[in-house]
Number of protein chains: 2
Amino acid sequence: MQRKSFGNMQCPIARSLERVGEWWSILILRDAFYGLTRFDQFQKSLDIAPNILARRLNALVESGLLERRQYSEKPPRDEYVLTQRGRDFRPVLWALLAWGNKHFAPEGPSVVVVNSDSGAVAEPVLVDRSTGQPLAEPQFRVAPGPAAGERIRQRFTTTPAAGENAR
Amino acid sequence: MQRKSFGNMQCPIARSLERVGEWWSILILRDAFYGLTRFDQFQKSLDIAPNILARRLNALVESGLLERRQYSEKPPRDEYVLTQRGRDFRPVLWALLAWGNKHFAPEGPSVVVVNSDSGAVAEPVLVDRSTGQPLAEPQFRVAPGPAAGERIRQRFTTTPAAGENAR
DNA sequence: CAGTATCCTGTCCGATACTG
DNA sequence: CAGTATCGGACAGGATACTG
């Protein structure tokens, strides 16, 4: 990890982890989605050391997930807002939320996704956009894409359970 | 993180991160979904030090994501297979995959989700199971659930953009 | 208020050697 | 093959003090 390339960097999952692999990064994004934008809002919310917060915030800006925006000039003040790339991260967050609720909340969920109008609790499911089918196995699986290099292609031809899941 | 509680541990996202917060954990799960089960398969695939692999594998077993299963007795041999809890993690992985493909694959995707039968490339979208509506803002938002404690409840009443997203 | 500058610690991780 | 045992390095993260 860190800068050492990390397995096969062609893998989109590994690439994603390059940007949000640290704990705080994801929690900061969670709070950004919640509407927090200012340094000290994050700090209070997360109870994180200021230097660490600054470091993670900078990393997120460099990765293009957050954008620094000056909201005051007299005393120069910056706020951090989600970019499109950052906003696109929400499904990951909500998938994580759904998984956590299902498996690590014996007392019931403390945070849920709801319909803003009706207030009805939503149950997040991953589906294929065009067909609407739930993305479950064995109906769906991962496969090499058009830009797959040799290394990735091999994984799908030489390994024991190519396409099948471990049972 | 580590054992220091980590912000608000009632948050399902934080709880999830407790189990899969480390880089290798997620990559190991990715490979487990791919069908790998044996120690040295993971090691070769990930190019990870054996002691680290053992550590992460044990953590995953302790968290109930993987299950150790003896597949040979003469020489005792264990393999690691996904539990139900582990299999439920797939949406997170695929959301991560979709996000990586969209934002960090200028040359096009190297790995995609496909329909096993037709081979058609699927586009993962998070929707509400009962209504089928895409889980996007501002139609949907997070809200305190039935088991929300005081601290969580406060976040949704006292902060600037309760329910709204940063624009 | 929004950070920066230091110093320190924990531990994640890498490399290597060894074993049933 | 499936790990365990050690040693060391890098860095995330914590605590604290300071500044425009």
Side-chain angles (χ1 to χ4, degrees), chain A residues 1-7 9 14 17-29 31-32 36-63 66-81 159-160 166, chain B residues 1-7 9 14 17-28 31-32 36-63 66-81 159-160:
Chain A
M1 35 344 305
Q2 279 81 265
R3 328 278 73 129
K4 281 215 52 190
S5 126
F6 215 1
M9 282 329 286
L17 291 178
E18 283 253 297
R19 277 77 180 197
V20 296
E22 289 97 25
W23 297 54
W24 286 128
S25 303
I26 293 186
L27 259 3
I28 288 171
L29 288 172
D31 280 357
L36 305 194
T37 59
R38 309 242 284 270
F39 193 91
D40 92 303
Q41 291 179 326
F42 287 114
Q43 206 193 337
K44 273 200 267 297
S45 166
L46 298 167
D47 191 29
I48 181 179
N51 54 343
I52 298 305
L53 176 57
R55 193 191 293 175
R56 298 265 61 89
L57 243 18
N58 285 331
L60 253 11
V61 168
E62 271 167 46
S63 294
L66 291 179
E67 193 172 39
R68 219 184 297 272
R69 198 154 62 185
Q70 201 171 38
Y71 70 94
S72 158
E73 265 197 77
K74 296 291 292 312
R77 296 274 180 274
D78 280 336
E79 59 180 357
Y80 300 84
V81 298
T159 45
Chain B
M1 37 344 308
Q2 279 78 264
R3 329 276 77 129
K4 279 214 52 188
S5 131
F6 215 2
M9 282 329 285
L17 291 178
E18 284 254 296
R19 277 75 180 196
V20 295
E22 289 97 27
W23 299 53
W24 285 129
S25 302
I26 294 187
L27 260 3
I28 288 171
D31 281 356
L36 305 194
T37 58
R38 309 241 285 267
F39 192 91
D40 93 302
Q41 292 179 324
F42 287 114
Q43 207 193 337
K44 274 200 267 294
S45 166
L46 297 167
D47 192 29
I48 183 179
N51 53 343
I52 299 304
L53 177 57
R55 191 190 297 176
R56 299 265 61 91
L57 243 20
N58 286 332
L60 254 12
V61 168
E62 272 168 44
S63 294
L66 292 180
E67 194 172 37
R68 221 183 296 272
R69 197 152 62 187
Q70 200 171 40
Y71 69 94
S72 160
E73 264 197 80
K74 296 291 293 308
R77 295 274 180 272
D78 280 337
E79 61 181 354
Y80 299 84
V81 299
T159 45

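Note that the structure is predicted; figures quoted are calculated from it, not measured. Below, chains carry the letters A, B, ... as their sequence lines are ordered, and counting in each starts from 1. The figures here come from the full heavy-atom set of this structure, side chains too, leaving out hydrogens, waters and symmetry mates.
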Rounded to whole Å, the CD-C1' distance (A:Glu22 to D:dA10) equals 13 Å
Out of D:dA12, C:dG3, D:dG3, minimum distance to the side chain of B:Phe39 belongs to D:dG3
B:Asp78 CG to D:dC1 C1', in whole Å, measures 12 Å
Self-check item: Close side-chain approach of B:Phe42 and B:Ile48, heavy atoms under 4.5 Å
Solution: no
>> Considering every strand and a 4.0 Å limit on heavy-atom distances, what is the contact class for B:Phe42: base, sugar-phosphate, or nothing?
In response: nothing
- Query: Is there a donor and acceptor pair, one atom on the side chain of B:Asn51 and one on the base of D:dG3, closer than 3.5 Å?
  - Reply: no
Next on the checklist: Any side-chain N or O of B:Tyr80 below 4.0 angstrom from OP1/OP2 of D:dG3?
Outcome noted: yes
In whole angstroms, the gap separating C1' of C:dG20 from CG of B:Asp40 amounts to 16 Å
### Query
Base, sugar-phosphate alone, or nothing: which one does A:Arg68 contact when heavy atoms must sit under 4.0 Å apart?
nothing
Per nearest nucleotide of DNA chain D, the residue lying toward the 5' end, B:Asn58 or A:Ile52, is B:Asn58
Distance test, side-chain N/O of A:Tyr71 to OP1/OP2 of C:dC1, below 4.0 Å: no
Separation of D:dA2 atom C1' from B:Arg77 atom CZ, nearest Å, is 6 Å
key: N/O (side chain, A:Arg55) to phosphate O (OP1/OP2, D:dG13) under 4.0 Å   = no
Whole-Å distance, B:Leu53 CG to D:dC1 P, equals 14 Å
In whole angstroms, the gap separating P of D:dG13 from CG of B:Leu17 amounts to 11 Å
Original post:
Closer than 4.0 Å, any side-chain N/O of A:Trp24 to the OP1 or OP2 of D:dG14?
Top reply: yes
Rounded to whole Å, the CG-C1' distance (A:Leu57 to D:dG13) equals 15 Å
From the list A:Asn58, A:Val81, A:Leu57, side chain to side chain contact (heavy atoms under 4.5 Å, CB included) with A:Leu66 holds only for A:Leu57
A:Lys44 atom NZ is separated from C:dG3 atom P, nearest whole Å, by 13 Å
Tell me whether the OP1 or OP2 atom of C:dA2 has a side-chain N or O from A:Arg38 closer than 4.0 Å. yes
dist A:Ser63:OG -> A:Arg56:CZ (nearest 0.5 Å) comes out at 9.0 Å
> Can you tell me if B:Gln41 uses its side chain to pair, donor with acceptor, with the backbone of B:Thr37 under 3.5 Å?
Replying inline: yes
B:Leu53 and B:Phe39 have their tightest heavy-atom pair at CD2-O, 3.3 Å
